[in-house]
Structure formats: C-alpha cells, structure tokens
Amino acid sequence: MPTPPALEKVRRGDAPPPRLLDYERARAEFSWEAARAQLEGLPGGGLNIAHEAVDRHARGPARDRVALRFLPRRGPPRDLTYGQLREETDRCADVLRSLGVGRGDRVFTLLGRVPELHVVALGALKRGAVFCGLFSAFGPEPIQARLERGAGKVLVTTPALYAQKVAPLRARLPGLEHVLLVGEPDEVTRCEGALDLWRLLERASPSHELVATAPDDMALLHFTSGTTGLPKGAVHVHEAVVAHHVTAQLALDLREGDVYWCTADPGWVTGVSYGVIAPLTNGVTSIIDEGDFNAERWYRILEEQRVNVWYTAPTAVRMMMKVGEEAARPFDLSALRFVASVGEPLNPEAVRWGVRALGLPIHDNWWQTETGGVMIANFASQPIRPGSMGRPLPGVEAAIVRRTDAGVEEVHAPGEQGELALRPGWPSMFRGYLHDDERYRRCFAGGWYLTGDLASRDEDGYFWFVGRADDVIKTSGHLVGPFEVESALLEHPAVAEAGVIGKPDPIAGEVVKAFVSLRPGHEGTDALRADLLAHARRRLGAAIAPKELEIVAALPRTRSGKIMRRLLKARELGLPEGDTSTLEAGA
Ligand code: ATP
Ligand code: MG
C-alpha cells in the first residue's frame with residue numbers, strides 16, 4: 001500500500017509544547033522503572049491504584065482541585081474535589097469492610113456514567129478488592145453470566161436496574177452476597193434484599209486504612225467487547241496503573257490541571273483505564289456525562305466545560321460527521337488541544353473531518369482489553385498519517401509476525417501483512433483470562449504476545465490496521481482487510497457507516513460484500529447502489545472492491561460501538577448468530 005501524505009498539524013498558539021518531539025530519543029531513554037517513579041507507591045514496595053489516583057493528590061496542593069465534574073441528565077453540574085473523593089472512597093472502602101469484603105473479593109457495578117461508579121471502583125481497590133464494571137444496558141442474561149464467571153460478591157446498581165434485571169436473578173446467584181443501591185431513599189426501600197449505599201456511606205468512617213496491595217495483586221476484571229465471540233474475562237493487576245498513568249501523558253497529551261473528557265462507558269476497559277484511573281493519577285479534572293449521545297449537546301459540553309483533551313471512539317466521530325460539520329460552527333472549541341479515538345479503525349476521512357469541524361485532527365490509537373492501556377498511537381508531536389494507528393509508545397515493542405509450525409517469525413518487509421505482536425513486559429498486560437488458562441497460554445509464542453489483529457508496518461515504523469484475523473477476506477488469491485474497503489466507502493458522501501465481510505464463493509474462495517447505512521437525505525435506490533459499487537471500484541480496483549453491496553438501516557454493533565462483522569456474516573449465510581450478549585439493542 002503506498003503511504004499517503006502525512007497530515008500537517010496546526011498547533012494552537014497557547015498550547016504547551018507537545019511531548020515526544022524526538023520520538024526515537026524518547027524511546028531510547030524510556031524505562032518502566034522511571035515511569036513507576038512518577039508514582040508514590042506504598043511502603044515496602046506495595047502499589048495501589050486508588051492510592052495513586054486519589055490519596056496522593058488529596059494530601060497535596062491538588063486537594064481542592066475538582067477531580068470529577070458530573071453532568072447529570074437533569075440539574076446542574078456537581079463537583080467532587082480530590083479531597084472529597086479521598087473521603088468518599090475511604091467511606092466506601094469502610095462500607096465494604098463492614099460487609100466482609102476483603103482482598104481479592106469481586107465488587108461489580110451495574111451503573112450508568114455517575115460519580116458513584118468512580119467512588120465504588122476506587123473504594124473497592126482501597127479495600128484490596130477487585131473491581132469489575134458492567135455496562136448498564138446489559139440484559140439479565142449477560143449480567144448473570146458475568147457475575148457468575150467473575151464470582152461477584154457485591155453488586156452496586158440502581159433501584160430501577162435492580163428491579164428490572166437483578167432481582168429476578170438473585171436466587172440463581174448464591175455467591176452474590178450484597179446488592180447496594182444508588183438512588184433516592186424511597187425507591188431504595190422498595191427493593192427487598194438490597195442496601196442503601198448513600199446511607200451506608202454517611203455512616204461509615206471517613207478514613208479507612210488502605211489495604212497494602214502488591215503490584216501483582218489482581219485489581220481489575222474486564223470483559224472484552226465480544227466482537228469476535230464469547231466475551232473473555234481479562235485479569236489486570238495494580239501495577240497496571242504505571243501504564244495507565246504514563247500512557248495518558250504520551251498518547252493523550254494529558255497534563256496536570258487539564259479538563260479532560262473520556263466518552264467511553266466504564267462498562268468497557270477504556271472507560272476504566274482512561275475514564276477513571278489515568279485522569280485521576282494525572283491530577284486532571286474529568287468530565288462525567290450521564291447523558292446519551294447527542295451531537296449538539298456534546299459540542300456544548302466541549303465549549304462550556306472548556307475541555308482540553310477529548311478521548312472518544314470512531315463510532316461517536318462518525319455519528320458527529322453524520323450531523324454535518326456545520327453543527328460545530330456555533331461553538332467555541334478553542335480550549336480543545338488534543339483529540340484522540342480508540343476502539344475501531346479510524347478512517348482517514350474522519351481524521352480530516354476533525355480538522356474541519358473541531359480545528360484539530362483526530363489522533364487514532366490502538367489497544368485492547370488485554371493490553372490494559374494504549375500501545376500504538378498517533379502522538380501530539382508527530383505528523384499523523386491518516387488511516388494509520390501510529391507508532392508504538394516508548395516502552396512498547398511491537399512487530400508484525402507470522403505464525404509458523406515452529407512458533408512465530410517476524411515479518412520485516414514494509415507493507416507486508418501479518419499478525420500484530422507485542423513484546424510482553426509492559427505493566428498493564430493482562431495476567432490471565434478468567435477460567436481459561438489454556439487460551440491465555442495460546443496468546444504467547446516465540447517471546448511475543450499475539451494480538452489476533454492483522455496489520456502492516458511501513459518503512460517509517462507506522463502501523464496500519466488491516467482487520468481482525470477472523471475478519472480478513474481471501475478473494476481470488478488476495479487478502480483483503482475490511483477496513484480498507486470500509487474506509488473507501490466512507491469517502492462517498494452518501495455513506496454513514498460501512499461493514500464488509502467475505503462471502504463464500506465457489507470460484508473466488510470468498511467475494512467481498514459490503515453493507516452500508518446512509519446519511520440523512522439519501523435514498524437507497526438502485527442507482528445509488530450502482531454508484532457506490534463504481535466508487536469503490538475506482539478507489540480500490542476491481543480485485544478488492546465489493547462485488548455485492550446492500551443498503552441497510554443500521555449495522556449491528558457491540559454496545560461499545562464496534563461493528564460486528566461476524567454477525568453480518570452469520571446473517572448473510574443463515575448461520576447461528578453465536579453470543580450476542582454485547583449486541584446493541586435493536587441491532
Ligand atoms: P473480543 O475480543 O471479545 O472479540 P474486542 O476485541 O472487540 O472483543 P476490545 O478489547 O474491547 O474487545 O477491543 C479491542 C480490539 O478493537 C482490538 O483488538 C482491535 O481489533 C480493535 N481496535 C481497537 N482500537 C483500534 C484502532 N485504533 N484501530 C483498529 N482497530 C482497533
Ligand atoms: Mg479482542
């Protein structure tokens with residue numbers, strides 16, 4: 001693939017100089033030990049995420065700085081300073097203590113984006129317990145499966161979610177000892193068998209002695225998005241905080257005192273690593289927006305809260321693009337310094353849209369639940385190559401490899417495709433899949449962690465995403481990555497979203513089939529379909545362009561916003577749909 005030109009970036013006049021100006025030197029000089037030294041640690045070599053996120057700041061000059069600014073669905077914003085968050089999380093740890101929660105016990109939340117989630121997550125970590133966030137829109141089955149597999153001892157949720165989804169499951173969850181509710185007292189008292197978190201917090205001690213955790217103690221449990229199959233439970237330890245902390249500086253340009261907004265839900269890894277932990281360890285003010293996506297409201301938040309750094313997802317960017325860049329015009333986005341996205345490939349058109357609508361390009365970065373933190377990124381200081389995931393962070397060694405009978409071999413030729421691999425040793429690497437040691441072992445070979453994603457690397461060391469190994473299409477001897485085809489389709493003005501699969505074909509092996517949804521104002525006529533196919537052929541050539549194209553109202557996605565190509569394929573072929581526990585409602 002020829003390397004497209006890099007995008008020149010215009011820096012805002014008052015922006016601080018970006019880090020990593022000399023990328024090679026920063027890589028050479030980086031060490032995880034030095035990164036760890038930015039944190040305080042506990043006496044005797046211990047480490048605790050909540051201590052680094054909260055207590056460290058609450059004792060210093062940041063005590064009265066706003067840590068969390070909560071924008072509720074209704075009513076005015078509510079602030080919690082670092083000092084207040086210290087007290088609330090201590091109270092929460094004390095509540096958990098009084099309920100018999102100790103080291104290694106599992107504390108789950110089933111909550112929307114509310115500050116209680118941060119309080120519970122950090123309170124559990126202070127107690128030495130393990131935190132696991134569940135997405136609040138999950139139905140009863142996925143909730144039960146995760147609580148059971150994760151041995152949930154405590155669940156924190158709301159009265160409404162409890163009544164609807166949890167109460168009917170209680171009898172089937174003998175290990176779930178306590179349910180704590182966040183809500184108005186009259187609603188809470190109506191829920192039998194559950195406790196009132198607010199009341200318990202009020203009565204608890206405002207100072208709890210932090211349980212001295214070791215760097216290797218389990219801290220977080222994250223279930224993957226379930227894009228390629230049954231979600232896996234990835235185990236993370238307290239040491240991960242070293243990576244959360246420093247990667248937020250390197251990949252998100254985060255600086256102490258920034259106003260920062262991560263739009264990811266804490267039901268997914270991004271919403272915890274970069275929605276709860278990293279902003280706090282870095283001493284920033286985090287925006288928590290309870291509401292659902294609405295382009296105008298999002299622009300208003302960026303303006304009114306004077307957001308400096310914004311971390312979002314390609315699916316959100318594409319929803320904003322759908323509304324049109326004119327929607328951004330009335331808003332003053334001059335506080336914004338850096339915008340990044342993760343979760344899916346960011347098509348080049350979306351990077352450029354950022355420049356037009358926000359005045360800043362969008363920096364794509366790559367990582368996964370298993371890596372716990374950003375591994376590959378487009379940096380503030382470096383030119384963006386639109387469509388590329390960027391380059392490995394200092395401290396991260398990435399390679400393109402091919403599996404062989406003997407193990408794996410590295411692919412060195414620029415542009416050649418293979419599996420993306422990482423050299424183990426970064427602190428936020430997952431330490432296991434829950435109840436699946438064999439699968440964990442299979443992820444490692446020849447001294448590499450194999451990510452399951454296909455990519456290539458260009459001559460300057462930028463990585464280009466091709467597709468998940470499971471999604472790659474083999475057609476007439478060509479290997480086609482769905483991302484390349486989807487990106488080309490997304491350049492057509494009528495296309496809002498695109499998902500591409502390989503459809504078995506007796507002659508070609510597979511043929512490329514595309515599913516697209518349209519932007520408002522476009523009709524799914526035969527003429528448009530023909531035009532889209534012709535556009536793709538011009539852009540990609542006949543070998544790679546889709547042979548079939550179907551216009552659909554919407555594409556099936558996971559609740560974390562990823563297109564579920566396996567479902568498009570199963571539906572196309574009339575096969576069983578497999579695990580759909582993370583499928584977005586109505587898709
Ligand atoms: P499952 O493992 O259950 O199938 P999942 O892999 O989607 O689900 P996550 O860990 O949430 O679960 O997502 C990580 C994956 O998302 C990556 O392995 C990659 O396939 C994709 N991804 C994340 N960021 C990017 C990016 N910047 N560009 C391309 N793909 C990305
Ligand atoms: Mg995965």
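Being a predicted model, the structure only gives us computed values, none of them experimental. Whatever order the structure lists them in is the order used to number ligands and atoms, beginning at 1.
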Checking a contact table here: which protein heavy atom is nearest atom 10 (O) of ligand 1, and how many Å away? Thr369 OG1, 2.5 Å
For the 3.5 Å polar cut-off, considering only N or O atoms, please tell me whether Val342 and ligand 1 meet it. no
Of all protein heavy atoms, the one nearest atom 14 (C) of ligand 1 is Gln368 CB, 3.3 Å
Residue part near ligand 1, for Val269, under 4.0 Å between non-hydrogen atoms: neither
How far is atom 25 (C) of ligand 1 from its nearest protein heavy atom, and which residue and atom name does that atom have? Trp366 CD1, 3.5 Å
With a cut-off of 4.0 Å, which atoms of ligand 1 are near a heavy atom of Thr227? 1 (P), 3 (O), 4 (O), 5 (P), 7 (O), 8 (O)
Would you check whether Ser341 has a nitrogen or oxygen atom less than 3.5 angstrom from a nitrogen or oxygen atom of ligand 1? no
Ligand-side contact atoms (ligand 1) for residue partner Asp364, heavy atom cut-off under 4.0 Å: 26 (C), 27 (N)
Students should be able to answer this: which protein heavy-atom is nearest to atom 11 (O) of ligand 1, and at what distance? Ser225 OG, 2.8 Å
To the nearest 0.5 angstrom, please state how far the CZ atom of Arg318 sits from the CG atom of Asn347. 5.0 Å
So is there a nitrogen or oxygen of Thr451 less than 3.5 Å from a nitrogen or oxygen in ligand 1? no
For Phe135, the ring pair (Phe, Tyr, Trp, His ring centres under 6.0 Å) test, sequence neighbours excluded, returns Trp268
Using heavy atoms and a 4.0 Å limit, tell me yes or no: is Gly226 in contact with ligand 1? yes
Tell me the protein heavy atom at minimum distance from atom 19 (C) of ligand 1, and give that distance in Å. Asp453 OD2, 2.9 Å
Suppose we measure from atom 21 (C) of ligand 1 to each protein heavy atom; which comes out shortest, and what is that distance? Gly343 O, 3.5 Å
For atom 4 (O) of ligand 1, the protein heavy atom that lies nearest, with its residue and separation: Thr228 OG1, 2.4 Å
Closest protein heavy atom to atom 2 (O) of ligand 1, given as residue, atom name and distance to 0.1 Å: Lys232 NZ, 3.0 Å
Can you figure out which of Pro345, Pro231, Ala313 has its heavy atom closest to atom 29 (C) of ligand 1? Pro345
Measure from atom 30 (N) of ligand 1 to every heavy atom in Phe465, Trp464, Phe430, Trp367 and give the option owning the shortest one. Phe465
Out of Lys562, Met564, His222, Arg468, the nearest non-hydrogen contact to atom 6 (O) of ligand 1 is supplied by Arg468
Sequence-distant partners of Phe379, ring pair (Phe, Tyr, Trp, His ring centres under 6.0 Å), two or more places apart: Tyr23
